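For reference, the structure is listed below as structure tokens.
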2 protein chains.
Amino acid sequence: MRTQELREFSPRKTPVQARSGVTVEAIQEATIQVLLEHGRERLTTTRVAERAGVSVGTLYQYYPNKRALLFSALEQHLSRVGDAVERACREQLHQPLEPMVKGVVEAFVDAKMERTDISLALYSIASELDGEVLVRRIGTRGRNALATMLETAPGVRFENVQFTVMMMFAAITNATRAVLESGASPKMVRMLRRELVLLCHGYLACSGTPKLE
Amino acid sequence: MRTQELREFSPRKTPVQARSGVTVEAIQEATIQVLLEHGRERLTTTRVAERAGVSVGTLYQYYPNKRALLFSALEQHLSRVGDAVERACREQLHQPLEPMVKGVVEAFVDAKMERTDISLALYSIASELDGEVLVRRIGTRGRNALATMLETAPGVRFENVQFTVMMMFAAITNATRAVLESGASPKMVRMLRRELVLLCHGYLACSGTPKLE
DNA sequence: GGATTAGATGAAGAAAGCTTCAGGTTTGGA
DNA sequence: TCCAAACCTGAAGCTTTCTTCATCTAATCC
């Protein structure tokens, strides 16, 4: 499954000359734009190509099929966010709960808000069959990093870290989504950051039990 | 938009005889089954009809088009959940925070778990263009009920109830979704209930400020 | 029991979109 | 300058799916 998936979605040709590099980037950007403007239902390869200023044939030289196009967009975005979260978790090892939460929330929200248009556009394709796989894969990566981090928190122990992390992760991702979908004004984003820290920290404080070192 | 939407999605014919009532129910059930088995991408009207044991023509006598079929399924489910939440909120007016949270969480989780297959199947179509509208509409209903309830909590005041509720709502819905998507074993569901109460109550306790009556 | 209405059928028309491929253009090195 | 490789084009084939409608069967009422 894994190999087949890679074969089905891997690019046909890697850009060599500069112009094709430009072309691929134009296609990627056009994918997002079309997704935002017309929605997933009405995203067609022809329309994406048109928007990118190239012909359909060109699109098919770099992506073996339509799903690969969407898959690639989602993959790029998700791994960027996943990396940011993992990095934040690594940096907060052995810190007290509060900075841990703050670091992770900050990293996640920042990563999502860097390109709000991309984040928004991709929600709709994340529910596609192949998208789900990616979301789950990267989600697991993030949750594992979170769990590992939490276990190093001094003075606290969690009964079931996996579950606790799942709850926290669900809250963080969906609250961020809600803010994105309601416009993501700077004020909203500021509130989101603050309230997410409150929520997660409050939860962890209730959920964890004191531990004697 | 509202009228047109109603026209486009409203049934063509209302069942009169008993046998057609059975037919419509079979179609509704088949929709869920096909959604679960094949996914939204490969849900076709022909397949649904086949699964329901009727012909396509019959399906089209009760639903003007494919989207109406999905819309109807989602609508039924969402309003059932929405009603449950509204009822719970009404019942907990003027109660302390803890029972409020408990009541709402219980009601929501119960409603979602009553038919886990339906809940699961519908996530994929909630992101359809028309689905989003419904989700938002019912979501707003739920959030308003929650806000109204919270404002009657004795001894607490919230700076920005709307935002607080949005956070809580996002956490509740997505944590439930995560549990559903990972199988929703009875043990998991029990933990979900408990942890959601912890999370929400912890958050509200941190977020609210004491109020002198 | 005959007429009227409700319900069911499924082949076929129509539309839409994905993908290919034969042939053209541009680039860059020899 | 010339050629091979990289790149681009877009009309057309192919497939898939939605939706209709002429026709048939079953139920209901008088």
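Model, not experiment: these values are computed from the prediction. Excluded from the calculations below are hydrogen atoms, water molecules and symmetry mates; all remaining heavy atoms, backbone and side chain alike, are included. Order of the sequence lines fixes the chain letters, A, B, ..., with proteins taken first and strands second; residue numbering starts at 1 for each chain.
Overall, the helix from dG1(C)-dC30(D) to dA30(C)-dT1(D) carries an axis bend of 10° between its ends, with five pairs at each end and the value rounded to 10°.
With sequence neighbours left out, the salt bridge (Lys or Arg N to Asp or Glu O under 4.0 Å) criterion links Glu132(A) to Arg136(A). Remark: Phe158(A) pairs with Leu97(A), Leu150(A), Val156(A), Val161(A), Thr164(A), Leu204(A), Ser207(A) by the side chain to side chain contact (heavy atoms under 4.5 Å, CB included) rule, at least two apart or across chains. Listed by chain and residue number, His38(B) satisfy the side chain to side chain contact (heavy atoms under 4.5 Å, CB included) test with Arg42(B) (two or more places apart in sequence, or in another chain). In this view, Thr14(B) satisfies the side chain to side chain contact (heavy atoms under 4.5 Å, CB included) rule with no residue, not counting sequence neighbours. Here Glu75(B) pairs with nothing under the salt bridge (Lys or Arg N to Asp or Glu O under 4.0 Å) rule; sequence neighbours left out.
Legend: salt bridge (Lys or Arg N to Asp or Glu O under 4.0 Å) pairs involving residues 188-198 of chain B, not counting sequence neighbours, sorted by first then second residue: Asp110(B)-Arg193(B). For residues 26-38 of chain A, every residue pair satisfying the salt bridge (Lys or Arg N to Asp or Glu O under 4.0 Å) rule, not counting sequence neighbours, is listed here: Glu29(A)-Arg115(A), Glu37(A)-Arg51(A). Residue pairs meeting the salt bridge (Lys or Arg N to Asp or Glu O under 4.0 Å) criterion with at least one member in residues 167-183 of chain B, sequence neighbours excluded: Arg177(B)-Glu181(B). For residues 163-176 of chain A, there are no salt bridge (Lys or Arg N to Asp or Glu O under 4.0 Å) pairs, not counting sequence neighbours.
Atom CD in Glu50(A) sits roughly 12 Å away from atom P in dG17(C) (whole-Å rounding).
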Nucleotide N/O of nucleotides 14-18 of chain D paired with protein N/O under 3.5 Å:
unit_1  : atom_1 : unit_2   : atom_2 : d
dC18(D) : OP1    : Lys66(B) : NZ     : 3.0
dC18(D) : OP2    : Thr45(B) : N      : 3.0
dC18(D) : OP2    : Thr45(B) : OG1    : 3.2

List, with names and distances, any nitrogen or oxygen atoms from the protein found under 3.5 Å away from nitrogen or oxygen atoms belonging to nucleotides 7-9 of chain C.
unit_1 : atom_1 : unit_2   : atom_2 : d
dG7(C) : OP1    : Val16(B) : N      : 2.9
dG7(C) : OP1    : Gln17(B) : N      : 3.2
dG7(C) : OP1    : Ser20(B) : OG     : 2.6
dG7(C) : O4'    : Arg19(B) : NH2    : 3.1
dA8(C) : OP1    : Thr23(B) : OG1    : 2.5
dA8(C) : OP2    : Tyr62(B) : OH     : 3.1
dA8(C) : N7     : Gln61(B) : OE1    : 3.3
dT9(C) : OP2    : Ser55(B) : N      : 2.7
dT9(C) : OP2    : Ser55(B) : OG     : 3.4
dT9(C) : OP2    : Thr58(B) : OG1    : 3.1

Test side chain to side chain contact (heavy atoms under 4.5 Å, CB included) on Thr152(B) and Gln92(B) and set out the steps.
CA-CA 9 Å; Thr152(B) 73; Gln92(B) 307 298 333; over 6 Å; no
